[in-house]
**Student:** 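Here it is, the structure in full.
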Amino acid sequence: MKKSARRATDAPFLLSNWNLQMPNRSFLATALTLAASPTFADITADDVWNNRIALVQAFGGTIDATLERDGNMLFVNDILFSYALPFEAGTIRSTLPPMTMIEQDDGTVSIIYPKKITYRFELDYPSLTDEKFSGEIQVEQAELKTSASGVAGALTYQQSAGAYSGKFNVDLGDDAIDNGVRMSMIFSGESYSHTTTVNEGELIEIVSSISYGPQGYELEANEGFGTRSVDKGRYGALEAQARAAFPARGLDVLNLSTALRDGMFIQTSQSMASSSGEQTDYINNDAVVSVDHTCGTSSSTVNISADGVLIDSLVDDCSGDFVTSSWMDLAGLNSAIKAQAASLSMSLNIPVLSTDTPTNAKYQMGIGGANISDNIWDRFDPGGILSRDKMDMNIDLSADIMHNVEWLDFLNIENGLLINQNPVELHNLTINAFDLSAAGASIESKGAFTFDMNDLDTFDGMPRPAGAAEILLTGVHELLDNLVSIGVVASQDVTMPRMMIGMFTRDDGNGTLTTSVEINDDGEIRMNGERVK
């Protein structure tokens, strides 16, 4: 069979394959590891290659490769991926492993990779240094299977593998090596599978579903002059889904606002069975600080679109140990600290584009059932006077805000700040909860305020607020007494706090203090019904 050869430029490799070789937990890695149910039709290896070209071009990358066809097989060799950094600051280059695409009788295309895969990459950054940063990633996978199906311009990729392992090394240049600066990582996992659909059009649309078995890594960084750190991590089974869309013309990283307005978005969700990790810092091979943690199940979602950035995460049953070298005991610091929490939660919803009308923003952070080890309590409260009940915290805020500056148009942020006196306008704020309980005392509060952006005089340059809030305090006087008793604060130091509490709260006689704050439209401030301004 006669062979033909040609050079392919401005073409990619499949980024989803790269991401699935690494135990990467970032939402971007998930978003690029893509999937949907396959639809079988007659496609060619050229359709697959062109689909990959479209995907990488959407990210502004280019590839040079040699293509050779032999019957139903397309050989892709000498693959070089490159990405030019903004402002001609430098270039990232990576050599990629060869692959063979085989057109099957059922209309699908099988993609064959070497069992051992090597990625070599290089970063030159002439504006920073004449040195070139370089590195290498080696991956070995068992039972690796990859196939493509669908129709031209709308392909679905399926990939699965058994046990895999690899290593990662970074060379920070000759000067850095002289100082002993280097980084290396080994990683391994039991198995993974993913399904990826890439649809071409004005937007490159991507849908994915992935599954990982348990996996882990060990990262060592030698930071020069005798210092180094070792970071170990282990993760349980992971399930994730993702959808994304990017402008086919290419992504301008210096003006992401345009891409978002044109329909760019990233949506991911994932759940993980467990996680654990340990990090140790060394000086001249002596362990100085060691931190390790274990957590149970976790879940998270990330959405990025023209509507803003939305992040939700929840982690259950976490515990951590902080251990320092014995010389810190001589400085009066405990050498071991333990902490536990039954749950950790965080939710964030922030608009990112400039608008003519206010849009909603939210922030929530919660800690449930938290405590620290007895040796820390005993350090300042050996008699056990303070309550050691577990701590709970819940902060839940929402607001309507308006951006007058296009924050993601990075080249024009400075001009926007010069033009706009108020780059961000706060139009209202709702305190859904601001609750904290610890050491036998607690505070609960809620309220809502609006802000008049046209009145900056009543409150000396601050937009005039109007609204009300309520605060409930329990156990505060007892806590102050206990702090004095154990010597944390002097008796005279609590006199002023007690006076302030007496002035601005009402005592029901049972240790419960309440405060109400009201601000009317005329700027009057009343506390517990009494006018204070």
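In what follows, every heavy atom counts, from backbone to side chain, and hydrogens, waters and symmetry copies are set aside.
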**Student:** Taking the side chain as C-beta and beyond, is there a heavy-atom pair between Leu74 and Thr100 under 4.5 Å?
**Tutor:** no

**Student:** Does the side chain of Glu143 come within less than 4.5 Å of Tyr164's, by heavy atoms?
**Tutor:** no

**Student:** Can Ser193 and Ser211 be said to form a side chain to side chain donor-acceptor pair (under 3.5 Å), step by step?
**Tutor:** CA-CA 5 Å; Ser193 64; Ser211 177; 4.6 Å; no

**Student:** Please report the closest heavy-atom contact between Pro98 and Ile79, naming both atoms and the distance.
**Tutor:** CA-CD1, 4.4 Å

**Student:** Quick one: are the ring centres of Phe187 and Phe168 less than 6.0 Å apart?
**Tutor:** no

**Student:** Which word best sums up how the rings of Tyr217 and Tyr235 line up, parallel for under 30°, tilted for 30 to 60°, or perpendicular for over 60°?
**Tutor:** parallel

**Student:** Which one of Asp252, Thr258, Leu256, Asn255 satisfies the side chain to side chain contact (heavy atoms under 4.5 Å, CB included) criterion with Asp409?
**Tutor:** Asn255

**Student:** Go through the structure and list residues passing ring pair (Phe, Tyr, Trp, His ring centres under 6.0 Å) with Tyr83, not counting sequence neighbours.
**Tutor:** none

**Student:** Check side-chain contact (heavy atoms from CB on, under 4.5 Å) between Ala439 and all other residues, then give those that pass, not counting sequence neighbours.
**Tutor:** Leu479

**Student:** Under 3.5 Å, is there a donor-acceptor pair between the Thr197 and Thr156 side chains?
**Tutor:** yes

**Student:** For the CZ atom on Phe434, are there more than 12 heavy atoms of other groups (residues, nucleotides or ligands in this structure) within a distance under 6.0 Å?
**Tutor:** no

**Student:** Calculate, to the nearest 0.5 Å, the distance between atoms OG1 and CD1 belonging to Thr146 and Ile112 respectively.
**Tutor:** 7.5 Å

**Student:** Please name all residues satisfying side-chain contact (heavy atoms from CB on, under 4.5 Å) with Ser491, sequence neighbours left out, ordered by chain then number.
**Tutor:** Val484

**Student:** Counting only heavy atoms from other residues, nucleotides and ligands, does the tally under 6.0 Å from CD of Gln492 exceed 12?
**Tutor:** yes

**Student:** To the closest 0.5 Å, what do you measure between CG (Leu483) and OG (Ser485)?
**Tutor:** 9.5 Å

**Student:** Are any of the side-chain heavy atoms of Ile367 and Leu344 separated by less than 4.5 Å?
**Tutor:** yes

**Student:** Under the salt bridge (charged side-chain N to carboxylate O under 4.0 Å, His left out) rule, collect the residues that match up with Arg93, sequence neighbours excluded.
**Tutor:** Glu122, Asp124

**Student:** Would you say that Phe246 contacts Gln57 through its side chain, given a criterion of any heavy-atom pair below 4.5 Å between the two side chains?
**Tutor:** no

**Student:** Determine the minimum heavy-atom distance between Ile413 and Val405, stating which atoms define it.
**Tutor:** O-CG1, 4.3 Å

**Student:** Hey, could you give me the CD1/OG1 distance between Ile63 and Thr95, rounded to the nearest 0.5 Å?
**Tutor:** 11.0 Å

**Student:** Say you draw a straight line from OG of Ser319 to CG of Asn371; how long is it, rounded to the nearest 0.5 Å?
**Tutor:** 12.5 Å

**Student:** Spell out, as yes or no, whether a donor-acceptor pair under 3.5 Å connects the side chain of Asn482 to the backbone of Glu478.
**Tutor:** yes

**Student:** What I want to check is whether the side chains of Thr474 and Ser442 have a donor and an acceptor closer together than 3.5 Å.
**Tutor:** yes

**Student:** Can you name the nearest heavy-atom pair linking Arg234 to Ser188, along with the distance?
**Tutor:** NH1-O, 4.4 Å

**Student:** Which heavy atom of Ile111 sits nearest a heavy atom of Val48, and at what distance?
**Tutor:** CD1-CG1, 4.2 Å

**Student:** Which heavy atom of Gln141 sits nearest to which heavy atom of Tyr192, and what is that distance?
**Tutor:** OE1-OH, 2.5 Å

**Student:** Go through the steps for Tyr157 and Leu155 under the test side-chain contact (heavy atoms from CB on, under 4.5 Å), then give the verdict.
**Tutor:** CA-CA 7 Å; Tyr157 302 88; Leu155 298 187; 3.6 Å; yes

**Student:** Less than 4.5 Å apart, side chain to side chain, heavy atoms only: is that true for Ile372 and Trp377?
**Tutor:** yes

**Student:** Within this structure, what is the CZ-CG distance for the pair Phe265 and Asn303, rounded to the nearest 0.5 Å?
**Tutor:** 9.5 Å

**Student:** Using distance only, find each side-chain donor-acceptor pair of residues 385-398 under 3.5 Å and give its atom names and separation, not counting sequence neighbours.
**Tutor:**
from, atom 1, to, atom 2, distance (Å)
Ser387, OG, Asp389, N, 3.3
Ser387, OG, Asp389, OD2, 3.2
Arg388, NH1, Asp378, OD1, 3.3
Arg388, NH2, Asp378, OD1, 2.9
Arg388, NH2, Asp381, O, 2.9
Asp392, OD1, Gly369, N, 2.8
Asn394, OD1, Gln364, NE2, 3.1
Asp396, OD1, Asn432, ND2, 3.3

**Student:** Flag yes if more than 12 heavy atoms outside Leu254 fall under 6.0 Å of its CG atom; otherwise flag no.
**Tutor:** yes

**Student:** Let me see the working for Val489 and Val494 under side-chain contact (heavy atoms from CB on, under 4.5 Å), right down to the final yes or no.
**Tutor:** CA-CA 8 Å; Val489 295; Val494 300; 3.8 Å; yes

**Student:** Hey, what do you get for CG (Leu96) to CZ (Phe121), rounding to the nearest 0.5 Å?
**Tutor:** 12.0 Å

**Student:** Does Arg228 form a side-chain contact (heavy atoms from CB on, under 4.5 Å) with Glu220? I'd like the steps, not just the answer.
**Tutor:** CA-CA 7 Å; Arg228 65 186 179 95; Glu220 180 172 347; 3.4 Å; yes

**Student:** Without placing hydrogens or testing angles, list every side-chain donor-acceptor pair under 3.5 Å for residues 304-317, not counting sequence neighbours.
**Tutor:**
from, atom 1, to, atom 2, distance (Å)
Ser305, OG, Asp307, N, 3.2
Asp312, OD1, Ser347, OG, 2.5
Asp316, OD2, Thr297, OG1, 3.4

**Student:** Within a strict 4.5 Å, meaning less than it, do heavy atoms of the Met101 and Ser110 side chains meet?
**Tutor:** no

**Student:** Tell me whether the rings of His403 and Trp407 are parallel (<30°), tilted (30 to 60°) or perpendicular (>60°).
**Tutor:** perpendicular

**Student:** Take Leu408 and Leu260 through the side-chain contact (heavy atoms from CB on, under 4.5 Å) test and state the conclusion after the steps.
**Tutor:** CA-CA 10 Å; Leu408 299 181; Leu260 290 171; 3.6 Å; yes

**Student:** Is a donor from one side chain sitting under 3.5 angstrom from an acceptor on the other, for Ser299 and Ser271?
**Tutor:** no

**Student:** Is Leu55 close to Ile206 at the side-chain level, that is, under 4.5 Å between some pair of heavy atoms?
**Tutor:** yes

**Student:** Which atom pair, heavy atoms only, marks the closest approach of Gly61 to Phe81?
**Tutor:** CA-CE1, 4.0 Å

**Student:** Is it true that Glu136 and Arg120 have a side-chain N and a carboxylate O under 4.0 angstrom from each other?
**Tutor:** yes

**Student:** Report yes if some heavy atom in the side chain of Gln138 is under 4.5 Å from a heavy atom in the side chain of Ile117; otherwise report no.
**Tutor:** no

